[in-house]
Amino acid sequence: MASAFNPTGFSDALVILGAAGVVIPAFARWRINPVIGFILVGIAVGPAGLGSFVGRAPWLSWVTITNPHAIEPFAELGIVMLLFSIGLELSFRRLWAMRRAVFGLGAAELAGSAILLGMGFWLAGQTIQSAFGLGMALALSSTALVLPIAGTRGPVGERAFAMLLFEDLALVPIIFALGALAPHGGEGGGWQVARTLALGGVTVGVLLVGGRWLLPRLFAQAARTKSPELFLAASLLVVILASLATSAAGLSPIVGALLAGVLIAETDYHGEVELMTAPFKGLALGVFLITVGMSLDLRVVGRFGPALTAAVLTVVAVKTLVTGLLLRVRGAERGVSLETGLLMSAPSETTLIVLGTASAVGMIDRETAAFWQIVTAIGLTITPLLAMAGRRLALGVDRHQAEAVPPVSDDARRALIVGFGRVGRLVAQMFDAHELPYLAVDADADTVRAARKRGYQVIFGDITRPGMIDHLAAGSASAVVLTMDDPVQLVRLTARLRDAHPDLTIVARARDPNHAAQLYRAGATDAVPETIESSLQLSEAALVDLGVAMGPVIASIHEKRAQLRAKIMEMADTGREPPLRRRTIVDDH
């Protein structure tokens with residue numbers, strides 16, 4: 001006999017999908033950050049919101065979530081998928097290059113914030129163990145909120161990512177340290193930490209070796225089936241298995257998720273994996289944000305308003321001060337230091353884990369833990385507001401640098417070069433050779449300083465910030481050349497420029513034909529794929545060295561470039577991309 005129908009799960013799904021499909025687009029129309037939107041939905045539909053009236057109005061059960069624990073696994077999946085998507089943007093080379101920032105800046109930021117906060121708690125009357133537990137918990141910052149806001153590139157994103165990555169790696173040792181220092185939990189703590197670290201190291205090693213050998217073959221087989229469902233299943237299988245493996249070894253599951261993303265990023269299928277898993281990441285992360293909102297009881301907040309406000313402001317001020325000073329000591333600009341400090345200043349979702357652990361082992365009493373859990377929830381809620389405030393303050397601090405535009409000739413409109421790495425420098429050199437005026441802008445202060453010393457016309461500025469495009473007068477430029485090595489940001493910036501200036505000439509750097517097609521769809525006048533250009537130059541050199549006359553070689557190279565560009569344009573017009581990257585333009589020709 002069939003069991004009775006239980007509508008609770010369906011009502012929870014209705015609320016979540018309703019938030020994603022109806023409420024969030026409405027907030028977007030009002031220019032409210034989706035992060036804030038999901039948290040506000042959680043406050044409204046949680047047990048302390050409309051859920052408290054279900055007894056008097058049973059129909060409200062269809063638009064509320066009365067059991068937050070039922071959706072917690074999906075919230076955890078959101079964090080796992082976020083770290084997986086971050087891993088897809090990385091590479092082993094970049095991780096190795098970041099090792100000093102992760103274990104230098106990251107360790108200093110966590111230790112400095114924890115020590116300063118812990119000393120404050122100790123002076124306020126807490127025991128040494130309680131002060132240590134509270135300091136370590138509140139020193140952590142939110143990976144789930146900071147990275148979607150800041151990204152992993154740029155002067156702010158790179159530094160924030162390095163610090164957050166260290167915090168995620170340090171979470172397990174922190175939890176073991178709490179157990180070792182607890183009044184009744186220190187027995188065997190050192191041995192347990194060593195055992196977990198050794199087992200975790202072996203697990204990570206096995207995943208690295210096995211993943212490098214197995215994943216290309218797994219995704220190749222999935223690609224041959226030409227089944228999107230099978231390809232998606234293989235992607236989710238990899239990230240879940242990696243997370244379970246590191247979790248079973250005693251490490252955080254997000255370490256496994258990040259590692260799975262980095263391994264897949266080294267294959268030819270990372271673009272398709274990122275595209276297919278993006279909806280799952282967005283929806284699962286939305287569930288996590290809803291659970292954050294549900295943890296806030298506005299009546300409790302109103303009752304203890306002054307104390308909670310003072311606690312939130314203290315934590316934000318201390319962490320902003322520590323992070324900002326560390327970045328200034330390491331040579332970061334004032335605006336970048338201020339923006340990053342405010343962005344990292346609120347507590348984290350992992351703060352709740354550490355507070356729960358410290359309370360369970362008797363290091364912190366339950367009333368104190370409950371108070372700081374509310375502080376953490378408030379901090380998570382205001383993180384997007386802190387990010388907005390930091391960005392505006394940073395823009396004001398660095399405005400004098402952005403306004404220091406080198407003089408250009410008045411008889412010709414200048415071109416604007418965005419990004420001044422090796423590609424941007426070469427473009428500037430060619431402009432100088434043809435006596436064309438230009439202005440370059442880069443968000444890395446060290447790059448700008450070095451370029452100015454060598455005579456380039458470069459200014460400091462982050463063009464992703466609101467208002468920077470208008471401030472640089474992009475609409476009056478003869479052309480805008482986008483040279484940044486950030487595919488996602490390139491597409492977004494191209495779309496913004498095209499929407500703001502329909503007649504502007506936009507030339508963009510592309511990684512491959514697929515990326516070039518995305519740029520054309522976003523509005524680029526020309527997109528130059530690096531893979532095609534390097535292949536054409538290699539072919540030209542080989543043909544000339546083999547004795548073919550230079551004239552016919554150059555003519556054939558131009559003809560082939562025109563054919564490939566036409567195919568990319570056709571791909572952009574039709575909106576299609578080569579299936580699973582098994583066959584691309586470069587492969588076929």
Side-chain angles (χ1 to χ4, degrees), residues 72 75-76 79 106-146 160 163-183 185-186 189 193 251-252 254 288 291-292 295-296 304 307-323 341 343-383 386:
E72 284 179 354
E76 295 173 1
I79 300 175
E109 183 270 337
L110 179 60
S113 298
I115 290 172
L116 204 56
L117 288 169
M119 288 180 61
F121 286 119
W122 181 65
L123 293 174
Q126 296 286 341
T127 64
I128 293 179
Q129 292 91 342
S130 178
F132 173 80
L134 289 170
M136 291 302 300
L138 295 169
L140 299 169
S141 302
S142 176
T143 300
L145 294 186
V146 170
M163 291 183 282
L164 291 168
L165 182 56
F166 180 83
E167 291 180 3
D168 292 335
L169 294 174
L171 180 59
V172 172
I174 288 173
I175 292 175
F176 280 123
L178 295 178
L181 296 175
V193 172
L251 301 177
S252 172
I254 61 179
F288 162 73
T291 61
V292 171
S295 65
L296 275 178
F304 301 101
L308 290 170
T309 301
V312 171
L313 291 177
T314 300
V315 173
V316 168
V318 169
K319 294 179 68 176
T320 301
L321 178 65
V322 171
T323 305
L343 188 64
M344 297 282 293
S345 62
S348 165
E349 61 278 356
T350 51
T351 299
L352 303 174
I353 299 174
V354 176
L355 287 174
T357 302
S359 176
V361 300
M363 182 176 283
I364 304 173
D365 62 76
R366 296 190 180 277
E367 292 76 12
T368 302
F371 176 84
W372 289 103
Q373 284 170 351
I374 297 176
V375 171
T376 300
I378 295 173
L380 288 168
T381 304
I382 66 173
T383 295
L386 292 171

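In this text, all values refer to a predicted model and were calculated from it rather than measured experimentally.
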Scan the side chains in residues 311-319 for donor-acceptor partners under 3.5 Å anywhere in the protein, sequence neighbours excluded, and list what turns up.
from, atom 1, to, atom 2, distance (Å)
T314, OG1, A310, O, 2.7
K319, NZ, L138, O, 3.1
K319, NZ, A139, O, 3.4
K319, NZ, L140, O, 2.7
K319, NZ, S141, OG, 3.1
K319, NZ, M344, O, 3.4
K319, NZ, A346, O, 3.0

Distance-only criterion, 3.5 Å: show the donor-acceptor pairs between side-chain atoms of residues 109-122 and protein atoms not counting sequence neighbours.
from, atom 1, to, atom 2, distance (Å)
S113, OG, E109, O, 3.0

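In terms of heavy atoms, A160 sits closest to V146 at CB-CG1, 4.1 Å. Nearest approach of V354 to G133, heavy atoms of both residues: CG1-O, 4.3 Å.
One distance of note links CD1 of I374 with CG of L308; it measures 6.0 Å at 0.5 Å rounding. In this structure, the separation between CG on L355 and OG1 on T368 is 10.0 Å, given to the nearest 0.5 Å. With rounding to the nearest 0.5 angstrom, the OG1 atom of T323 is 9.5 Å from the CG atom of L343. Going from atom CE of M136 over to atom OG1 of T351 covers 10.5 Å, rounded to the nearest 0.5 Å. Within the model, atoms CZ of F371 and CD1 of I364 stand 13.0 Å from one another, a figure rounded to the nearest 0.5 Å.
Taking the side chain to side chain donor-acceptor pair (under 3.5 Å) definition, one finds that S348 meets it with T350, sequence neighbours left out. By the side chain to side chain donor-acceptor pair (under 3.5 Å) test, T376 is found to be paired with no residue, residues two or more places apart in sequence or in another chain being considered. Taking the side-chain contact (heavy atoms from CB on, under 4.5 Å) definition, one finds that A108 meets it with L326, sequence neighbours left out. Not counting sequence neighbours, the partners of Q126 by the side chain to side chain donor-acceptor pair (under 3.5 Å) test are S130.
Counting heavy atoms from C-beta outward, L386 and T320 have side chains that stay 4.5 Å or more apart. Looking at heavy atoms from C-beta onward, F132 lies out of side-chain contact with T127 at the 4.5 angstrom threshold.
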